[in-house]
Chemist: 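First, the structure itself, so that you have it in front of you.
Along the sequence shown, the residues carry numbers beginning at 1. Side chains are part of it too, since the values below use all heavy atoms of this structure and drop only hydrogens, waters and symmetry mates.
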Amino acid sequence: MQWNKIKLTFILAFLILNVYLVFQLFPQEETEQTVLETESQDAVLGSVKGYKELSDQKTETNQQYEATKLHFTEDDLDKVPNNDNMDLDISSNTQLVVNFKEPQKLPVEFPIDDDNEQAIGDLNSFVADHVLFGPEYTYWGRQGNQLLFFQKINQGQTYFSPDSLLLVTINEDYEVVEYEQTYIKNFKKLEENEDQDLKEYSEVQAVKALQSQQLIESNDTIKVEKGFYPTIELSSKPNYAPAYMITVNNEKHYFYLLLPDYPYVYAPTESVFLNSLQPETEETQ
């Protein structure tokens, strides 16, 4: 009887010891895994061109902004450069549609590379000479027979916003035949919620977030710019979030959106964006 009690005591003691060792082992394994992941990420980013030049200063917060859509008037039409060669339409109120009576030749040869600064500068100059508020638009890229330009405001560049867009249509001879324009004004920061804990994020954090999703690989080349990306409108006014635009190998563009709840990575495409601008039909409703 006494031996049974002693044996039970030993069994319970070993069981407790095993449980203790298991709990000691798991945190150690998790720590080792975290260290390995960190070392792996540092090794990848160490080979990425442009990474060492990034700032780790937290200069952007997840505060949202809003703007007002411009409602075009007859007075605005009088200000359009070279409007004697144009048919102007503001029937949609917040959009200006311009048709050229005679197609306008562009000062560049197509196709053009996105990193061709001279060609991009020439396209921007063309817009400055033919579009209302033209100097405020920056060339983004081409999708089919359409050239995309996005409005740049005092606070920074806007991206993929239907409310700050210049869409230029060209023909088979690469001549401009039409453009559609929207424009925003009164861009300002929304009033802060006193109960909201606003966080800050750096360029380095944004790039690490992309690399953790394997969107950046060894020996890639990156470039980071700050701007504003549209969000779901909380009112009748366009809403924007600060964002880091991260360009990988001058081909893919990712946006690290600094939203009030948490940041996330988004990778829009020109085709999807342009399709979203099309009015709904009975088939798509």
Chemist: In Å and rounded to the nearest 0.5 Å, what is the CG to OH distance from Leu258 to Tyr264?
Modeler: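 OH of Tyr264 is found 11.0 Å from CG of Leu258.
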Chemist: CG of Asn99 to CG of Asp87: how many Å apart, nearest 0.5 Å?
Modeler: 6.0 Å
Chemist: Phe187 and Phe228: aromatic ring centres closer than 6.0 Å?
Modeler: yes
Chemist: For Asp129 and Phe126, indicate whether the former's side chain and the latter's backbone hold a donor-acceptor pair under 3.5 Å.
Modeler: no
Chemist: As a test of understanding, state which of Phe273, Tyr159, Tyr266, Tyr256 forms a ring-ring contact (aromatic ring centres under 6.0 Å, His included) with Tyr229.
Modeler: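 Only one option passes, and that is Tyr266.
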Chemist: Would you say the side chain of Arg142 lies within less than 4.5 Å of the side chain of Leu148, judging by non-hydrogen atoms?
Modeler: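 Side-chain contact under 4.5 Å: no.
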Chemist: Within the distance-only criterion (no hydrogens, no angle test), does the side chain of Gln104 pair as donor or acceptor with the backbone N or O of Glu102 below 3.5 angstrom?
Modeler: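 Indeed, once roles are kept as given, a pair shorter than 3.5 Å links the two residues.
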Chemist: Using a 4.5 Å cut-off on heavy atoms from C-beta on, say whether the side chain of Val131 contacts that of Val80.
Modeler: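 SC-SC contact between Val80 and Val131 ruled out.
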Chemist: Tell me whether the rings of Phe150 and Phe160 are parallel (<30°), tilted (30 to 60°) or perpendicular (>60°).
Modeler: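 Rings of Phe150 and Phe160: tilted, 30 to 60°.
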Chemist: In Å, rounded to the nearest 0.5 Å, how long is the span from NZ of Lys226 to CD of Glu203?
Modeler: 5.0 Å
Chemist: Strictly distance-based, threshold 3.5 Å: is any side-chain N or O of Asn239 a donor or acceptor partner for the main-chain N or O of Lys237?
Modeler: yes
Chemist: Distance-only check: which donor-acceptor pairs under 3.5 Å involve side-chain atoms of residues 218-225, not counting sequence neighbours?
Modeler:
unit_1 : atom_1 : unit_2 : atom_2 : d
Asp220 : OD1    : Asn249 : ND2    : 3.0
Asp220 : OD2    : Glu217 : N      : 2.7

Chemist: For the CG atom of Leu166 and the CG atom of Leu96, what is their distance to the nearest 0.5 Å?
Modeler: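 It comes to 9.5 Å.
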Chemist: Taking all non-hydrogen atoms of both residues, which atom of Ser55 and which atom of Ser202 are closest, and how far apart?
Modeler: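 Nearest heavy atoms, Ser55 then Ser202: O-CB, 3.9 Å.
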Chemist: Please report whether the ring centroid of Tyr244 lies less than 6.0 Å from that of Phe255.
Modeler: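 No, too far apart.
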Chemist: When the side chains of residues 175-185 are checked against the rest of the protein, which donor-acceptor pairs come out under 3.5 Å, sequence neighbours left out?
Modeler:
unit_1 : atom_1 : unit_2 : atom_2 : d
Glu175 : OE1    : Asn171 : ND2    : 3.1
Tyr179 : OH     : His130 : O      : 3.2
Glu180 : OE1    : Gln95  : NE2    : 3.3
Gln181 : NE2    : Leu132 : O      : 2.6
Gln181 : NE2    : Tyr137 : OH     : 3.2
Thr182 : OG1    : Pro162 : O      : 2.8
Thr182 : OG1    : Asp163 : O      : 3.4
Thr182 : OG1    : Ser164 : N      : 3.3
Thr182 : OG1    : Leu165 : N      : 2.9
Thr182 : OG1    : Leu165 : O      : 3.4
Tyr183 : OH     : Glu136 : OE1    : 2.7
Tyr183 : OH     : Glu136 : OE2    : 3.1

Chemist: Of all heavy-atom pairs between Thr269 and Val272, which one has the smallest distance, and what is that distance?
Modeler: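 Distance-wise, the nearest heavy atoms are OG1-CG2, 3.1 Å.
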Chemist: Please confirm whether the ring centroid of Tyr65 lies under 6.0 Å from the ring centroid of Tyr240.
Modeler: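 No, ring centres 6.0 Å or more apart.
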Chemist: Enter the distance from Tyr201:OH to Leu257:CG here, rounded to the nearest 0.5 Å.
Modeler: 11.5 Å
Chemist: Who pairs with Ser125 by side-chain hydrogen bond (donor to acceptor under 3.5 Å, both in side chains), at least two apart in sequence or on another chain?
Modeler: none
Chemist: Please determine whether side-chain contact (heavy atoms from CB on, under 4.5 Å) holds for the pair Phe149 and Leu147, giving the CA-CA distance in whole Å, both sets of side-chain angles, and the decisive distance to 0.1 Å.
Modeler: CA-CA 7 Å; Phe149 297 77; Leu147 309 180; 3.8 Å; yes
Chemist: Main chain of Leu190, side chain of Gln63: is a donor-acceptor contact present, judged purely on distance under 3.5 Å?
Modeler: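 A pair under 3.5 Å: yes.
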Chemist: Donor-acceptor pair, Asn83 side chain versus Met86 backbone, under 3.5 Å?
Modeler: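 No; zero donor-acceptor contacts below 3.5 Å.
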Chemist: I'd like to know if the side chain of Asp89 pairs up with that of Ser91 as donor and acceptor (distance under 3.5 Å, no hydrogens or angles considered).
Modeler: yes
Chemist: Does one side chain, of Ser212 or Gln41, offer a donor that lies under 3.5 Å from an acceptor on the other?
Modeler: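 Distance-only check fails for Ser212 and Gln41.
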Chemist: Yes or no on side-chain contact (heavy atoms from CB on, under 4.5 Å) for Lys208 and Tyr51, after CA distance, side-chain angles and deciding distance?
Modeler: CA-CA 10 Å; Lys208 284 186 174 182; Tyr51 178 72; 3.3 Å; yes
Chemist: Is there a donor-acceptor pair closer than 3.5 Å between any side-chain N or O of Asn62 and the backbone N or O of Leu259?
Modeler: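 Side chain of Asn62 to backbone of Leu259, a donor-acceptor pair under 3.5 Å: yes, one is there.
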Chemist: On the 0 to 90° scale, with breaks at 30° and 60°, tag the His253-Trp140 ring pair as parallel, tilted or perpendicular.
Modeler: tilted
Chemist: Determine, step by step, whether Tyr254 and Val248 satisfy the side-chain contact (heavy atoms from CB on, under 4.5 Å) criterion, reporting the C-alpha distance in whole Å, the side-chain angles of both residues, the deciding distance to 0.1 Å, and the verdict.
Modeler: CA-CA 8 Å; Tyr254 301 96; Val248 180; 3.8 Å; yes
Chemist: Run the side-chain contact (heavy atoms from CB on, under 4.5 Å) check on Val204 and Leu45 step by step: do they pass?
Modeler: CA-CA 10 Å; Val204 170; Leu45 292 176; over 6 Å; no
Chemist: Does Lys199 have more than 12 heavy atoms from other residues, nucleotides or ligands lying within 6.0 Å of its NZ?
Modeler: no
Chemist: Indicate the atoms forming the closest heavy-atom contact of Gln151 with Gln157, along with that distance.
Modeler: O-NE2, 3.2 Å
Chemist: Taking side chain as C-beta onward, heavy atoms only, is Met245 less than 4.5 Å from Thr247?
Modeler: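 Counting from C-beta outward, Met245 and Thr247 do come under 4.5 Å.
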Chemist: Could you tell me which non-hydrogen atom of Val265 sits nearest to which non-hydrogen atom of Leu215, and how far apart they are?
Modeler: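 What the structure gives for the nearest pair is CG1-CD1, 4.1 Å.
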Chemist: Linking I/L/V/M/F/W/Y whenever their side-chain heavy atoms sit closer than 4.5 Å, directly or via other members, would Val97 and Val127 fall into one cluster?
Modeler: no
Chemist: Within the distance-only criterion (no hydrogens, no angle test), does the side chain of Asn124 pair as donor or acceptor with the backbone N or O of Tyr139 below 3.5 angstrom?
Modeler: yes
Chemist: Once rounded to the nearest 0.5 Å, what's the spacing between atom NE2 of His71 and atom CG of Asn93?
Modeler: 5.0 Å
Chemist: With a cut-off of 6.0 Å (strictly less than), are more than 12 heavy atoms of other residues, nucleotides or ligands near NZ of Lys101?
Modeler: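 Counting other residues, nucleotides and ligands, NZ of Lys101 exceeds 12 neighbours.
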